[in-house]
Amino acid sequence: MKMLIEGQPADAQGSDVIPVANPATGETVDSVPKGTREDARRAIDAAAAAFKVWSEKPSIERSRVLFKIAEVVRSNVEGLATTLTLEQGKPLGESRGEINSFANTCEYYAGLIGRERGAQTPFSTGEGFFIVMKRPLGVVGAILPWNFPVSLMGWKVAPGLAAGNTFVVKPASTTPMTDIMVAGLMVKAGLTPGAVNVVTGPGAVVGEELLDNPKVAKIAFTGETVTGKRIMEGSAKHIKRLTLELGGSDPMIVCDDADLALAVEGAAWGRFRNCGQSCTSVKRLFLFEAIADEFVKAFAEKVKTIKIGNGMDKGTHMGPVHTEEQREKVESMVDDAENRGAKELVKGGRPDGAGLEKGNYLSPTVLTDVGYDAQIAREECFGPALPIFVVKDLEEAIERANDTSFGLGSSVWTKDMERAYHAAERMQAGTTWVNSPPIARAEVPFGGFKQSGFGRELGIEGLDHYYETKSVQVLEYGKGKKWAFPIS
Ligand code: NDP
């Protein structure tokens with residue numbers, strides 16, 4: 001598969017390629033060009049040229065194109081979802097959901113653009129008035145991770161295009177294909193060629209060019225916190241605008257009055273969807289003492305029913321871990337916890353079984369008696385392993401939940417809304433879900449506290465991150481002349 005530059009399939013300068021592996025079988029699905037800095041520059045120039053056209057279009061035209069993109073993407077859902085499962089590993093049903101969520105995001109911003117309101121405000125001194133104007137930024141570099149390659153591209157390009165910006169997308173090297181296909185469909189739907197370009201290649205090459213190049217006004221990044229720190233450093237040279245969506249170690253608190261059956265489902269959904277590889281996966285579970293035994297028993301039963309397999313097979317609940325490296329990281333966190341005294345309530349490990357030999361499969365692990373000093377309690381565990389902690393009350397749960405350098409998501413499960421509100425105010429996280437697993441919605445702002453990043457995606461706030469705010473100050477003729485020079 002080729003890259004997409006100026007609306008056309010494009011080869012890289014050299015002939016090197018990056019093979020794309022299927023995490024379920026280890027087989028090569030296809031390959032993409034190994035782009036260079038020169039390829040990235042070509043795409044940046046195409047995006048800069050397209051900006052002059054796209055940003056001048058009336059908002060109603062940008063809105064129509066975004067609605068059309070959503071329609072075209074939805075009508076290609078099966079082909080896109082299949083490619084996503086083949087390159088990423090998630091079950092086909094989850095892939096369909098991800099493609100549809102890309103379309104939802106486009107529709108949300110297509111509906112929003114052109115409906116914002118501004119105001120003309122008189123100066124407090126009465127000599128004139130000012131207008132606050134929003135202007136697009138220019139070319140945006142969107143750097144994407146592999147866990148939700150398509151929906152996270154939507155979180156960036158949909159508000160960014162709605163506001164009049166253009167893009168160079170740098171997908172993760174292990175999941176470039178569906179993004180290229182979606183970008184190709186965007187052009188078919190009427191997007192100005194060059195308004196979204198996709199350049200494949202190593203982050204350290206293509207990504208670094210996006211950081212270095214003065215023609216790129218903003219970097220919108222989702223990925224690991226350590227990479228986010230590098231993105232901040234690299235963007236400092238030209239003071240680029242930044243949105244950083246980084247890692248998380250999300251706590252889920254189950255109170256003694258919670259609907260336990262619902263909370264058990266929520267914990268399973270929250271931890272094991274996408275094989276535990278969501279930024280807002282439930283990564284630490286806090287149970288009130290009073291319900292801990294009952295919850296643990298029901299949860300263990302539930303987890304044992306999770307069917308592991310190839311995401312292409314009907315009936316698969318959980319696919320493989322995305323890469324071998326990622327699988328080893330999760331295993332080493334489980335080992336570390338056990339070496340510190342944790343017990344396996346549900347025993348994980350590499351599953352046996354026909355068809356599972358060559359994939360990066362890992363069964364769900366649930367740990368109890370976990371020390372707060374264990375890696376799995378302190379760092380982000382990006383895979384199907386969950387530590388359980390028992391707490392005496394809400395205050396202890398909140399204190400423990402906040403004892404992390406991350407602050408992306410969190411949840412509290414209770415029938416008492418006063419209790420829920422109390423927890424939501426105090427939990428240091430960009431989102432608190434109440435009686436709900438972590439589901440991002442186009443209309444709700446999403447982002448992190450602390451080292452989980454800054455800026456917000458989605459919602460009206462997400463649109464604002466693709467604008468510069470400028471003021472126009474107008475002095476009315478004949479109204480005072482207090483600014484004569486020299487100043488007396
Ligand atoms: P990485 O940070 O490794 O990679 C993310 C992207 O950055 C990839 O496209 C990568 O390219 C690129 N990149 C790597 N180095 C550089 C560089 N020096 N300059 C510019 N770009 C670079 O993250 P993962 O893909 O491994 O994603 C998993 C992580 O992302 C998890 O920690 C997870 O929590 C977090 N995440 C956070 C989310 C949020 O919304 N807060 C959502 C999803 C994930 P290449 O692939 O070529 O290396």
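Just so it is clear, the values below take in all heavy atoms, side chains as well, and ignore hydrogens, waters and symmetry mates.
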*Asks:* Are the side chains of E27 and K358 in touch, meaning some heavy atoms are under 4.5 Å apart?
*Replies:* no
*Asks:* Mark yes or no for whether Y109, through its side chain, and G459, through its backbone, hold a donor-acceptor pair below 3.5 Å.
*Replies:* yes
*Asks:* Do the side-chain N and O atoms of D250 and T280 include a donor-acceptor pair separated by under 3.5 angstrom?
*Replies:* no
*Asks:* Can you measure from CG (L84) to CG (L92) and round to the nearest 0.5 angstrom?
*Replies:* 9.0 Å
*Asks:* Give a yes or no on whether the backbone of Q326 and the side-chain of E328 come within a donor-acceptor separation of less than 3.5 Å.
*Replies:* no
*Asks:* Can you find a heavy atom in the side chain of F286 that is under 4.5 Å from one in the side chain of I398?
*Replies:* no
*Asks:* So do the side chains of L458 and V444 get within less than 4.5 Å of each other, counting heavy atoms only?
*Replies:* no
*Asks:* I need the S63 OG to E107 CD distance, nearest 0.5 Å.
*Replies:* 10.5 Å
*Asks:* So, do F406 and T225 sit near enough that their side-chain heavy atoms are less than 4.5 Å apart?
*Replies:* yes
*Asks:* Let me see the working for E208 and R230 under salt bridge (charged side-chain N to carboxylate O under 4.0 Å, His left out), right down to the final yes or no.
*Replies:* CA-CA 9 Å; E208 288 288 336; R230 168 65 209 135; 2.6 Å; yes
*Asks:* Just by distance, do the side chain of D257 and the backbone of D416 share a donor-acceptor pair under 3.5 Å?
*Replies:* yes
*Asks:* Does a donor on one side chain sit under 3.5 Å from an acceptor on the other, for S363 and K347?
*Replies:* no
*Asks:* Evaluate the side-chain proximity of V264 to F295: yes if any heavy-atom separation is below 4.5 Å, no if none is.
*Replies:* yes
*Asks:* Do M427 and I253 have side chains that approach each other closer than 4.5 Å (heavy atoms only, starting at C-beta)?
*Replies:* yes
*Asks:* Please check if the number of heavy atoms outside E399 that lie under 6.0 Å from its CD is greater than 12.
*Replies:* no
*Asks:* Would you compute the distance between atom CG of D369 and atom CG of L345 and round it to the nearest 0.5 angstrom?
*Replies:* 9.5 Å
*Asks:* Between atom OG1 of T414 and atom CG of D259, what is the distance when rounded to the nearest 0.5 Å?
*Replies:* 11.0 Å
*Asks:* Taking atom CD of E294 as the centre, report whether more than 12 heavy atoms of other residues, nucleotides or ligands fall under 6.0 Å from it.
*Replies:* no
*Asks:* Would you check if L367 and E338 make a side-chain contact, meaning some heavy-atom pair closer than 4.5 Å?
*Replies:* yes
*Asks:* Identify the heavy atoms of G383 and V330 that sit nearest to each other, and give their distance.
*Replies:* CA-CG2, 3.7 Å
*Asks:* About how many Å separate CD1 of I180 and CG of L185, when rounded to the nearest 0.5 Å?
*Replies:* 12.0 Å
*Asks:* Step by step, would you call K240 with L210 a side-chain contact (heavy atoms from CB on, under 4.5 Å)?
*Replies:* CA-CA 10 Å; K240 292 189 182 195; L210 294 174; over 6 Å; no
*Asks:* Would D336 and R340 count as a salt bridge (charged side-chain N to carboxylate O under 4.0 Å, His left out) here? Give the steps.
*Replies:* CA-CA 6 Å; D336 168 78; R340 294 169 197 264; 3.1 Å; yes
*Asks:* Determine whether the side chains of K156 and T222 contain a donor N or O and an acceptor N or O closer than 3.5 Å.
*Replies:* yes
*Asks:* Measuring centre to centre across the rings, with the benzene-like ring taken for any Trp, is F148 within less than 6.0 Å of W155?
*Replies:* no
*Asks:* For atom CD of E418, decide whether the heavy atoms of other residues, nucleotides or ligands shown that lie under 6.0 angstrom number more than 12.
*Replies:* no
*Asks:* Is a side-chain N or O of N360 found less than 3.5 angstrom from the main chain of P320, in a donor-acceptor match?
*Replies:* no
*Asks:* Has S452 got a side-chain atom pairing as donor or acceptor with G247's backbone, closer than 3.5 angstrom?
*Replies:* yes
*Asks:* I would like to know whether R74 and E71 meet salt bridge (charged side-chain N to carboxylate O under 4.0 Å, His left out); could you show each step before the answer?
*Replies:* CA-CA 5 Å; R74 278 191 206 287; E71 188 190 320; over 6 Å; no
*Asks:* Please lay out, stage by stage, how F389 and Y372 fare under the test ring-ring contact (aromatic ring centres under 6.0 Å, His included).
*Replies:* CA-CA 9 Å; F389 307 92; Y372 285 110; 4.8 Å; yes
*Asks:* Would you check if R419 and C255 make a side-chain contact, meaning some heavy-atom pair closer than 4.5 Å?
*Replies:* yes
*Asks:* Considering non-hydrogen atoms only, spot the tightest contact between G114 and S59 and give its length.
*Replies:* CA-OG, 3.6 Å
*Asks:* Answer yes or no: does atom CZ of R135 have more than 12 heavy-atom neighbours from other residues, nucleotides or ligands under 6.0 Å?
*Replies:* no
*Asks:* Using a distance-only test with no angle check, is there a side-chain donor-acceptor pair under 3.5 angstrom linking T85 and K90?
*Replies:* no
*Asks:* Only one of E380, R271, R273 forms a side chain to side chain contact (heavy atoms under 4.5 Å, CB included) with S281, so which one is it?
*Replies:* R271
*Asks:* Set out, in order, the CA-CA distance, both residues' side-chain angles and the distance that settles side-chain contact (heavy atoms from CB on, under 4.5 Å) for M417 and N435, then state yes or no.
*Replies:* CA-CA 10 Å; M417 283 305 114; N435 298 325; 3.8 Å; yes
*Asks:* Taking R96 for the side chain and E94 for the main chain, is one N or O donor matched with an acceptor at less than 3.5 Å?
*Replies:* no
*Asks:* Could you walk me through whether F288 and V391 pass the side-chain contact (heavy atoms from CB on, under 4.5 Å) check?
*Replies:* CA-CA 5 Å; F288 275 35; V391 289; 4.1 Å; yes
*Asks:* Quick check: does any side chain N or O of E396 sit under 3.5 Å from a backbone N or O of K392, one acting as donor and the other as acceptor?
*Replies:* yes
*Asks:* Are any side-chain N or O atoms of N76 and backbone N or O atoms of G79, one a donor and one an acceptor, separated by less than 3.5 Å?
*Replies:* no
*Asks:* Go through the steps to decide whether V168 and V216 satisfy the test side-chain contact (heavy atoms from CB on, under 4.5 Å), and finish with yes or no.
*Replies:* CA-CA 9 Å; V168 176; V216 177; 5.9 Å; no
*Asks:* Give the minimum heavy-atom separation between S235 and I219, together with the two atoms involved.
*Replies:* OG-CG1, 3.9 Å
*Asks:* Do other residues, nucleotides or ligands put more than 12 heavy atoms under 6.0 Å from the CD1 atom of I460?
*Replies:* no
*Asks:* Would you please say whether a donor-acceptor pair under 3.5 Å links the side chains of T431 and W433?
*Replies:* no
*Asks:* Starting at NE2 of H238, measure out to CG of L211 and round the result to the nearest 0.5 Å.
*Replies:* 9.5 Å
*Asks:* Can you check whether G462's main-chain N or O pairs, donor with acceptor, with R456's side chain at less than 3.5 Å?
*Replies:* no
*Asks:* Regarding E87 and T178, do their side chains bring together a donor and an acceptor under 3.5 Å, going by distance alone?
*Replies:* yes
*Asks:* Would you check, one step at a time, whether the test salt bridge (charged side-chain N to carboxylate O under 4.0 Å, His left out) holds for K170 with E209?
*Replies:* CA-CA 11 Å; K170 206 307 270 175; E209 179 60 29; over 6 Å; no
*Asks:* Keeping N147 on the side-chain end and Q277 on the backbone end, is there a donor-acceptor pair under 3.5 Å?
*Replies:* yes
*Asks:* Pairs under 3.5 angstrom only: tabulate donor-acceptor contacts from the side chains of residues 303-314 to other protein residues two or more places apart or in another chain.
*Replies:*
from: T305; atom 1: OG1; to: K302; atom 2: O; distance (Å): 2.5
from: N310; atom 1: OD1; to: M312; atom 2: N; distance (Å): 2.9

*Asks:* Which pair of heavy atoms, one from F446 and one from A440, lies closest together, and at what distance?
*Replies:* CD1-CB, 4.4 Å
*Asks:* Shortest non-hydrogen contact from L262 to W413?
*Replies:* O-CZ3, 3.7 Å
*Asks:* Taking all non-hydrogen atoms of both residues, which atom of L246 and which atom of G228 are closest, and how far apart?
*Replies:* CD2-CA, 3.8 Å
*Asks:* Could you check whether K329 makes a cation-pi contact with F382, meaning its NZ or CZ is under 6.0 Å from the centre of the six-membered ring and within 45° of the ring axis?
*Replies:* no
